[in-house]
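Notes for the one structure printed next.
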Amino acid sequence: MTLAIRPAPGPSREYHFPEFSRHVMANGLKVIVAPVHKLPVVTLVAVVDAGAIADPTGFEGLAQITAEALREGTEKKNGIEILEGFERLGSSLEAGADWDSTLVSITLLSEHLKEGLSLMAEVLTEPSFPSGEIERLKAERLAERLQILSEPRGLADESFSRLLYSSGSRYAEPIGGTSVSIAAVTRADVVEFFETRYTPRTVTMIMTGDVEVNQALALLNDAFGNWEAKAAAPHKDLEKEAPTTRSVEIVSKSDAAQVELRLGHLGIPRTHPDYFSVVVMNALLGGLFSSRINLNLRERHGYTYGASSYFDWRRNSGPFVISTAIQSEVTADALRECITEIDGMRSQEVSADELSLATNYLDGVFPIRYETTSAIASALANMVVFDLPNDFYNTYRANIRAVTPADVLAAAKTHVHPDRLRAVVVGDPGVIKESLEKLSFGQVMVHAPSDK
């Protein structure tokens, strides 16, 4: 019996991100149009410079509540009528705020584009923000807070942010706010946030799919041409890192079946010139299933089902995080192994074979991420939010392949700091505190879950 020989992979095909064009309307509304005629489908995304970073102090969560309240009524329609209007078009309106922006989007058949765009424009320019609906949204958020405070994963994420950033930094508080800040939000706050953050000068409309550029511009002018241009309020300074000495914070949860561990420090902004080197370095450290941290904690020691690391990319400096759930009894051992892998990444160059595993994956998977109109629109939204160059997606694969072992080592030495690592552990102090103190990683503190 002759065994078949596995064919060798061929050379990578060239990839070209869909062509797009940028425009600015008379009222300052920015427009990006990317014609893609594979299917009779169009995606519309409004990128609004109204992310959670703009939340006033004491009213954290306001950006998300405002974004969700857009769908609850306009000057002409109530929330049910808006919902049914999009459903008749075979679509739905999605709206939400992340740290840096609010995104409002729909995807629908191109034959319904004009009607869908008109309804979307009404939602964006004429929301009524009914008091009863805002109170309902707040009640839903408060119920979500109860769930987060009872669940170790959410507790670990929130506690890590508070440990990493100084009091007063917006990043120190949950993106959706705390129970206190959510309860403080009123309809007047929502209206003020909308009036100062949602203007043509802060919005970029992205249209991708089965549409021509001239057609798109004409439709957008009809829908948004009369929207009054106003100046937006400035953003606050977010660079408020907490003390950078090593420490371990135990969030006491005696009923936890296992431990949630977060380890890291302040990272770098998305626009940092070392972005590609850091992406590849992190893929090797903890960003892929075959990464060093996952293979160590999962395969070699059996401490966890999975462990990962990531840089949370934001306009400002987001966190660098190692994240895992582990057996309580091996908490100190797992923390030690994470540090060992960090030290190893910083001590010598990775091999060419190990590097190729990461770059081949990042290179190969990249094109399939942008097969749909909504994925293309999302990519263009990221370009807007982070002010990326027009050729970013066309040059991404070449930039990934250009990263060398020396670049990876330099990125690890420059952007991963063992002496600044801070750890949050959610679990039973009676099981984990003594071993963590013996580890001599840093001061060990214990406190109860908090929603301050």
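- Atoms CZ and CG, from F392 and N399 in turn, are 8.0 Å apart once rounded to the nearest 0.5 Å.
- The pair D49-K30 does not meet the salt-bridge criterion, since no charged nitrogen lies less than 4.0 angstrom from a carboxylate oxygen.
- Taking the side chain as every heavy atom from C-beta outward, T324 and Y303 never approach each other to under 4.5 Å.
- A salt bridge does not link E81 to K76: none of the charged side-chain nitrogens sits closer than 4.0 Å to a carboxylate oxygen.
- With rounding to the nearest 0.5 Å, the separation of NZ in K138 from OG1 in T186 is 7.0 Å.
- Here S101 pairs with D98 under the side-chain hydrogen bond (donor to acceptor under 3.5 Å, both in side chains) rule; sequence neighbours left out.
- Relative to the ring axis of Y171, R314 places its NZ or CZ within 45° and under 6.0 Å from the centre.
- Taking both residues in full, the closest heavy atoms of S450 and R162 are given as O-NH1, 3.5 Å, listed atom of the first, atom of the second, then distance.
- With sequence neighbours left out, the side-chain contact (heavy atoms from CB on, under 4.5 Å) criterion links A46 to V104, M120, L124, V203, M205.
- Between the T208 side chain and the A34 main chain, no donor and acceptor come within less than 3.5 Å of each other.
- Going from atom CG of N382 over to atom CG of D387 covers 12.5 Å, rounded to the nearest 0.5 Å.
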Subject >> L70 and F194: CA distance, side-chain angles, deciding distance, side chain to side chain contact (heavy atoms under 4.5 Å, CB included) verdict >> reply: CA-CA 9 Å; L70 292 171; F194 173 82; 4.1 Å; yes
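- In this structure a side-chain-to-backbone donor-acceptor pair under 3.5 Å is missing from E122 to I82.
- The pair R397-D363 meets the salt-bridge criterion, with a side-chain N (NZ, NE, NH1 or NH2) lying under 4.0 Å from an Asp/Glu carboxylate O.
- Nearest approach of L164 to G264, heavy atoms of both residues: CD1-O, 4.3 Å.
- Residues V424 and E260 have side chains not in contact (no heavy-atom distance under 4.5 Å, counting atoms from C-beta outward).
- With sequence neighbours excluded, the residues forming a side-chain contact (heavy atoms from CB on, under 4.5 Å) with L149 are R145, L155, D451, listed by chain and number.
- Shown here are the ring pair (Phe, Tyr, Trp, His ring centres under 6.0 Å) partners of F320, two or more places apart in sequence or in another chain: H265, F311.
- Inspection of the D407 and T404 side chains reveals an N or O donor paired with an N or O acceptor under 3.5 Å.
- Taking CZ of F59 as the start and OG1 of T66 as the end, the distance is 12.0 Å to the nearest 0.5 Å.
- The shortest side-chain heavy-atom distance between E212 and N214 does not fall under the 4.5 Å cut-off.
- The minimum heavy-atom distance linking T43 with S374 is given by the pair OG1-N, 3.3 Å.
- The aromatic rings of Y370 and Y393 stand perpendicular to each other, their planes meeting at an angle above 60°, with 30° marking the opposite boundary.
- Side-chain contact between H272 and V278: absent, with no pair of heavy atoms (C-beta onward) separated by less than 4.5 Å.
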Subject >> Stepwise side chain to side chain contact (heavy atoms under 4.5 Å, CB included) check, L113 with L44 >> reply: CA-CA 9 Å; L113 175 57; L44 291 163; 3.8 Å; yes
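- At a threshold of 4.0 Å, the pair D255-K253 counts as salt-bridged, since one of the basic side-chain nitrogens sits closer than that to a carboxylate oxygen.
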**OP:** Could you walk me through whether E341 and L285 pass side chain to side chain contact (heavy atoms under 4.5 Å, CB included), step by step?
**Re:** CA-CA 7 Å; E341 295 300 342; L285 178 63; 4.3 Å; yes
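- E133 contributes atom CD, which lies 11.5 Å from atom CZ of R71 (distance to the nearest 0.5 angstrom).
- At distances below 3.5 Å, not a single donor-acceptor pair connects side-chain atoms of N221 with backbone N or O atoms of M25.
- Under the side-chain hydrogen bond (donor to acceptor under 3.5 Å, both in side chains) criterion, E115 pairs with no residue at all, not counting sequence neighbours.
- With sequence neighbours excluded, the residues satisfying side-chain contact (heavy atoms from CB on, under 4.5 Å) with E140 are R136, L137.
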**OP:** Under the side chain to side chain contact (heavy atoms under 4.5 Å, CB included) rule, what do K77 and L119 come out as? Steps first, then yes or no, please.
**Re:** CA-CA 10 Å; K77 298 179 179 66; L119 186 54; 4.0 Å; yes
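- Using a 4.5 Å heavy-atom cutoff, the side chains of V280 and T359 are in contact.
- Residues F17 and L380 meet the side-chain proximity criterion, which asks for heavy atoms closer than 4.5 Å.
- Geometrically, R270 engages Y275 in a cation-pi contact defined by less than 6.0 Å to the ring centre and at most 45° from the axis.
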